[in-house]
Amino acid sequence: MTTPTAEPAAVGPDFGAVGGAGDLRAIVGALLTYGLIVAVLVLIVSATTWALAASGGSWHTAQKAKTGVLVAIAGATLTGGALAWANWLLDVGAHL
C-alpha cells in the first residue's frame, strides 16, 4: 500500500482579481522612476552646494548640503530597493 504524496500548491497573490491592476503597475513604475530622478537631482544640487560652500568658507551651509547628500543617497537606495523588497516579500509569502 502506498501513501499518497501531496504536492504543495502554488499560492500567491491574484493581481488579476483587482480591476485596473495593469494601470496600477504602470503608476507604481512611474512613481519609482520619478523618485529616482528626483533623488539624483537632489544629490547633484547638494553636492554642488557642498563643494561651493566648503570652498567659500561657509561651513554652516556646507554642513546642511552634506546632510542633503546623505538624505539623497538614502532616498535613492530606498526607492531603488523598494521593488526588490516587495518582490522578495511576495516570494516569501508564496512559500509560507
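Sequence positions, counted from 1, serve as the residue numbers for this chain. Everything numeric here is computed off the predicted structure, so don't read it as measured data.
Taking each heavy atom of A39 and G75 in turn, the nearest pair found is CB-C, 4.4 Å. For the residue pair G80 and L36, the shortest heavy atom distance occurs at N-CD2, 4.0 Å.
Applying the side chain to side chain donor-acceptor pair (under 3.5 Å) test to every pair with at least one member in residues 59-75, sequence neighbours left out, gives these pairs: S58-T61.
Follow the hydrophobic side-chain contacts under 4.5 Å out from L83 and you reach V28 in the same cluster.
For V69, the side chain to side chain contact (heavy atoms under 4.5 Å, CB included) test picks out L43, S46, A47, W50, I73, with sequence neighbours left out.
In this structure the side chain of L41 reaches within 4.5 angstrom of the side chain of I37, judged on heavy atoms.
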